[in-house]
Amino acid sequence: MDEIFTWPGGHSLVVIKNNQGILLYCNFYEENSAVIKISGNLQHWPDASEGKVFVMVPSLRKAAGPIDFLDFLGHKVKPPVKNIRLEELEEEMKQFSGHPPFII
């Protein structure tokens, strides 16, 4: 999952619905990741597709999401089926090389 869902320079949160239930995958700065089972009852999310993806880039103070699970996968495969929100985020990231903001 790390290979698919990590986002360079940012964080990703993925809510996944499968036959085991509803899961949350989190990845922070490509380093730390975890999968948490939210619920075993699929009726807690009855009208959802396979899942939703949220991408956050703290250095830009920007985020993209929710993005359909399959749209995100399409954006990551070769050749990609580009998602406009993710593509815009990637383009902006190319122009910025600062550290993430640290605000308490």
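Every heavy atom of this structure was used, including side-chain atoms; hydrogens, water molecules and symmetry mates were not.
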| query | Do side-chain atoms of Lys17 reach the backbone of Trp45 as a donor and acceptor pair under 3.5 angstrom? | reply | yes

| field | Side-chain (Asp68) to main-chain (Leu70) donor-acceptor, under 3.5 angstrom | value | no

| message | Do Tyr25 and Asn27 have side chains that approach each other closer than 4.5 Å (heavy atoms only, starting at C-beta)? | response | yes

| Cluster link Leu86 to Val81, ILVMFWY, side chain under 4.5 Å | no

| query | Does the ring centre of Phe54 sit less than 6.0 Å away from the ring centre of Phe72? | reply | no

| Audit row: Val15, Ile22, side-chain contact (heavy atoms from CB on, under 4.5 Å) steps and yes/no | CA-CA 7 Å; Val15 181; Ile22 302 167; 3.9 Å; yes

| field | Leu89 side chain reached by Val55 side chain, heavy atoms, under 4.5 Å | value | yes

| Student check: side-chain heavy atoms of Glu50 and Ile16 closer than 4.5 Å | no

| said: How close do Gly9 and Val57 get, counting heavy atoms only, and between which atoms? | reply: O-CG1, 3.8 Å

| His75 side chain vs Lys82 backbone, donor-acceptor pair below 3.5 Å | no

| Side chain Asn18, main chain Gly21, donor-acceptor under 3.5 Å | yes

| request: Kindly indicate whether the side chain of Met56, heavy atoms from C-beta on, has any atom under 4.5 Å from the side chain of Lys62. | output: no

| Would you call Arg85-Glu88 a salt bridge at under 4.0 Å N-O? | no

| field | Side-chain heavy atoms of Pro58 within contact of His11, under 4.5 Å | value | yes

| Which value, rounded to the nearest 0.5 Å, describes the distance between Asp71 atom CG and Lys76 atom NZ? | 14.5 Å

| said: When you measure from the side chain of Ser12 to the backbone of Phe5, do you find a donor-acceptor pair of N or O atoms at a distance under 3.5 Å? | reply: yes

| If we only count heavy atoms from C-beta on, is the Lys52 to Val14 side-chain gap below 4.5 Å? | no

| Separation between CG of Leu24 and NZ of Lys37, rounded to the nearest 0.5 Å | 14.0 Å

| task | Would you check if Glu30 and Pro8 make a side-chain contact, meaning some heavy-atom pair closer than 4.5 Å? | result | yes

| note | So CD1 of Ile67 and CG of Asn83: to nearest 0.5 Å the spacing works out to 4.5 Å

